[in-house]
Amino acid sequence: MGRRVVFAVLLLSFAAAALYFLSRENRQLRRETRFMMGTQVTLTFRAPPLDAERIAREAFEKAEMVDRDMGRRPGSELTALNQAGGGTPGPELRKVIDSSLRWALASGGAFDPTVAELIDLWAVEKGPHPPPSQEQTAKALSRTGHEKVRPSPDGKSFDFGGTRLDLGAIAKGHAVNLVAESLRSNGVKDFLVDAGGDIFVSGSKGGKPWKVGLADPRDPGALIMVFNPEEGAVVTSGDYERYFEWEGVRYGHVLDPKTGRPATGVASVTVWAANANDADAMATSLMVLGPEKGLRLIAEHPPAEALLIDCEGKIHKSPGFGRVMPRDVEER
Amino acid sequence: MKKKLVNPADLLLILFLFFLFIRPFQGEAAKTPAALRVEHARGTELLPLEPDRTIAVTGPLGTTEIEVKGGRARIAASPCEGKLCVRSGGVRPGGAPAVCLPNRVSVSVTGGKKEPDAVLR
């Protein structure tokens, strides 16, 4: 009788162990990465192994759609509109154009989707070269300005008013939102979407908070802080990821639509918001506005929080930043 | 003669099951030693950080050279135009990756307890 009890206990233990391993397998994290939208997009999510591949494919398809339609590559929907001086965009592109024009107004023009002419002039991606002359910049500025874009009365079409749009500072955020929506629609609750500085976190990593590091703007290989973000979007923009240097001067990729020159004074901006589209537009706006005006913009658009690191290394934060972006438990 | 409740074979089985149980509770860090993660257009490779060497990765523009030295890595040469990836410096364990977007190559050092899940950059 005694031996039977011992073996029954052993059998139950074995069954419990097997169940534990099976459920652990089901909860394993999956990491998928693709190069698109001019960046590296990585999904980390928890899903049943049999569904994970399909779920990742469907999520990446959303980002691919944004990349295909909203980039300025030959043949894209945006390129066709730019070439025609406007027109009737599809529903997704219209949403992004509407949103970009709203942020242009809200930021007082610090964020502006009509900077395509300036971006092409500065050609930051091309590496070291002499910066454009004042005359060249003035000419590009004359073809810039969100107020020149006129929507039709029904809001479905746009006349670009002689400007060309570049949605690079907002479309990536829109893509991150669509990817997050796709994951949620497939029942995924625990995930992290990382589109090279545009991040969306949801749920947790097996009961532990997601850990998101912030690159040191003057030593980007090192992390200056590590956070456990609240559910939502976190976007960072800085002068160190895309820039060129000429005769000892660094020219960053974020352009001030008023001066036509790279924004100066801020090394890095991190914005937390409920969605990545808004966080993306605010991050670019804050690079141009600087700490004082930038934090005012954040206060006017809740729920949003921000951390700025100026070029002297001084940190400026909105009052609630520490609440939505607490420092990682191992760092405190 | 009275029969023993647990004989040596039973004891061995109990010990085996005990270790099977505690295995999943051991820390993640213990299972994930530092490694070089190279992501490119064709997938992801996890490679040892030793010995010191140069790794060639082919992308759409040509060959990106990754130098591995003293447990760190950096992009030493790239066919891209701006060479930002080369100037981005070394990659440390748990730090931000070095990325060559034009040639679709990303280099990071994974593993360790403090490794973040993503880097804002």
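Each chain gets a letter, A, B and so on, in the order the sequences are listed, and its residues count up from 1.
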Student: Quick test of your reading of the model: are A/Asp219 and B/Arg92 salt-bridged, counting only N-O distances below 4.0 Å?
Tutor: yes
Student: Are B/Glu39 and A/Arg31 close enough, and set up right, to give a salt bridge (charged side-chain N to carboxylate O under 4.0 Å, His left out), and what steps lead you there?
Tutor: CA-CA 12 Å; B/Glu39 292 172 308; A/Arg31 189 177 190 277; 2.4 Å; yes
Student: For atom CD of B/Glu50, is the number of surrounding heavy atoms from other residues, nucleotides or ligands below 6.0 Å larger than 12?
Tutor: no
Student: Would you mind reporting whether A/Met37 and B/Leu101 have side-chain heavy atoms less than 4.5 Å apart?
Tutor: no
Student: With a 4.5 Å cut-off on side-chain heavy atoms, are A/Glu125 and B/Glu81 touching?
Tutor: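 Not touching, per the 4.5 Å side-chain cut-off.
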Student: Do B/Pro116 and A/Leu223 have side-chain heavy atoms sitting under 4.5 Å apart?
Tutor: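 Counting from C-beta outward, B/Pro116 and A/Leu223 do come under 4.5 Å.
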Student: What part of B/Val119 gets within 4.5 angstrom of chain A, counting heavy atoms only: side chain, backbone, both, or neither?
Tutor: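 Both the backbone and the side chain of B/Val119 come within 4.5 Å of chain A.
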Student: So does A/Arg30 have more than 12 non-hydrogen atoms from other groups sitting under 6.0 Å from CZ?
Tutor: yes
Student: Check whether A/Tyr240 gets within reach of chain B through its side chain, its backbone, both or neither, counting any heavy atom under 4.5 Å.
Tutor: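 The side chain, not the backbone.
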Student: For side chain to side chain contact (heavy atoms under 4.5 Å, CB included), just list the numbers for A/Phe244 and B/Lys83, CA-CA rounded to whole Å, side-chain angles, deciding distance to a tenth of an Å, and then say yes or no.
Tutor: CA-CA 10 Å; A/Phe244 72 91; B/Lys83 309 276 189 257; over 6 Å; no
Student: Name the option with the most non-hydrogen atom pairs under 4.5 Å to chain B; the candidates are A/Gly197, A/Gly213, A/Pro220, A/Gly38.
Tutor: A/Gly213
Student: Which one of A/Thr270, A/Asp198, A/Ile224, A/Val235 satisfies the side-chain contact (heavy atoms from CB on, under 4.5 Å) criterion with B/Leu120?
Tutor: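 Of the listed options, the one satisfying the test is A/Thr270.
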Student: Side chains of B/Arg121 and A/Thr236, heavy atoms from C-beta outward: is any pair under 4.5 Å?
Tutor: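 With C-beta onward as the side chain, the pair stays apart.
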Student: Less than 4.5 Å to any heavy atom of chain B: does that hold for the side chain of A/Leu214, its backbone, both, or neither?
Tutor: both
Student: Kindly indicate whether the side chain of A/Val212, heavy atoms from C-beta on, has any atom under 4.5 Å from the side chain of B/Asp117.
Tutor: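 In short, these two side chains do not touch, never coming nearer than 4.5 Å.
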Student: So, do B/Val105 and A/Phe35 sit near enough that their side-chain heavy atoms are less than 4.5 Å apart?
Tutor: no
